[in-house]
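Encoded as structure tokens, the structure appears first; notes follow it.
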Amino acid sequence: ILNVEQSPQSLHVQEGDSTNFTCSFPSSNFYALHWYRWETAKSPEALFVMTLNGDEKKKGRISATLNTKEGYSYLYIKGSQPEDSATYLCAPYNQGGKLIFGQGTELSVKP
Amino acid sequence: NAGVTQTPKFQVLKTGQSMTLQCAQDMNHEYMSWYRQDPGMGLRLIHYSVGAGITDQGEVPNGYNVSRSTTEDFPLRLLSAAPSQTSVYFCASSRDRVGGYTFGSGTRLTVV
């Protein structure tokens, strides 16, 4: 079973602040790294899937980087807005085909 | 496209009863998974499938069975419901390992 750790567990920022979260995972047997956004009372939605060491993905104000050698990924949000409030989940995909989720970082953005 | 459809949305079971949670997708996705969401535990993988006829266990498979006779459907069976199985269950599908998963809207199950 993969050991996926996300930090911090929760984060409270003001509108306009930039923020970042960390996802760490075992680097052995790695295939891909997924990031999801999960709003309260909704279902998780895919943000990024990254496979290569050094990969960087961007979607609007949200971006992510991947380091497969040391087993970590960062998610950045530039200029946070109240609508960014959600739980952000990372999930490494191993060679066996299992997508195992971390417990997430809960972001709250105050106007 | 309907995406991933889960039924029922809500269910109350008595301890010892059995039932099947339905999951269907119309996107011709090969990969399908079942997760349960519990407070403080995040999403935990129950069972998954990488194609019709192929299933495997996830992190918490005990008490659940799955089958994948078609690409579209991936039902989850609770053999003998226990209060510890009270949870929200999500089904998800993806075209392959590098495609993001699409999640269903969830089934809220209470076992009394």
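Letters A, B, ... mirror the listed sequences (proteins, then strands); counts begin at 1.
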**Study point:** Side-chain touch Val98(B)/Tyr31(A), heavy atoms, less than 4.5 angstrom
**Key:** yes
Exercise for review: Answer with yes or no whether the hydrophobic clustering places Leu75(A) together with Val13(A); edges join I, L, V, M, F, W, Y residues whose side-chain heavy atoms lie under 4.5 Å apart.
Suggested key: yes
Review point. What are the two closest heavy atoms between Ser43(A) and Ser105(B), and how far apart are they?
Key: OG-CA, 3.4 Å
Point to revise | Whether over 12 other heavy atoms sit under 6.0 Å from Glu106(A) CD | key: no
Revision key, fill the gap. Scored by heavy-atom pairs under 4.5 Å with chain A, the best of Gly99(B), Ala92(B), Gly42(B) is Gly99(B)
**Study point:** Rounded distance [0.5 Å steps], CD in Gln37(B) versus CZ in Phe101(A)
**Key:** 11.5 Å
Check your understanding: Is the shortest heavy-atom distance from the side chain of Leu99(A) to the side chain of Ser33(B) under 4.5 Å?
Key -> no
Review point. In this structure, are over 12 heavy atoms from other groups packed under 6.0 Å from Glu39(A) atom CD?
Key: yes
Review point. For chain A, which of Phe90(B), Tyr31(B), Tyr35(B) has the most heavy-atom pairs under 4.5 Å?
Key: Tyr35(B)
Exercise for review: Answer with side chain, backbone, both or neither: which region of Phe48(A) has an atom nearer than 4.5 Å to a non-hydrogen atom of chain B?
Suggested key: neither
Revision key, fill the gap. If one checks every heavy atom of Gln57(B) against chain A at 4.5 Å, the contacting part turns out to be backbone
**Study point:** Ile46(B) with Met19(B), same ILVMFWY side-chain cluster at under 4.5 Å
**Key:** yes
Exercise for review: With side chain to side chain contact (heavy atoms under 4.5 Å, CB included) as the test, would you mind laying out the steps for Phe103(B) and Trp38(A) before giving the verdict?
Suggested key: CA-CA 11 Å; Phe103(B) 280 76; Trp38(A) 194 2; over 6 Å; no
Review point. Is there a donor-acceptor contact under 3.5 Å linking the side chains of Tyr93(A) and Tyr101(B)?
Key: yes
Practice item. Check the hydrophobic clustering (I, L, V, M, F, W, Y; side-chain heavy atoms under 4.5 Å; chains of links allowed) and say if Tyr48(B) and Leu89(A) are grouped together. Key: yes
Check your understanding: Of the backbone (N, CA, C, O) and the side chain (C-beta and beyond), which part of Leu43(B) lies under 4.5 Å from a heavy atom of chain A, both, or neither?
Key -> both
Review point. Quick check: are there more than 12 heavy atoms from other residues, nucleotides or ligands sitting under 6.0 Å from CZ of Arg108(B)?
Key: no
Revision key, fill the gap. Residues Arg97(B) and Val49(A): closest non-hydrogen pair is O-CG1, 4.2 Å
Exercise for review: Spell out, yes or no, whether Val109(A) and Leu11(A) are grouped together once hydrophobic residues are joined by side-chain heavy atoms under 4.5 Å, including indirect joins.
Suggested key: yes
Check your understanding: Take atom CD in Glu45(A); do more than 12 heavy atoms of anything else shown fall under 6.0 Å from it?
Key -> no
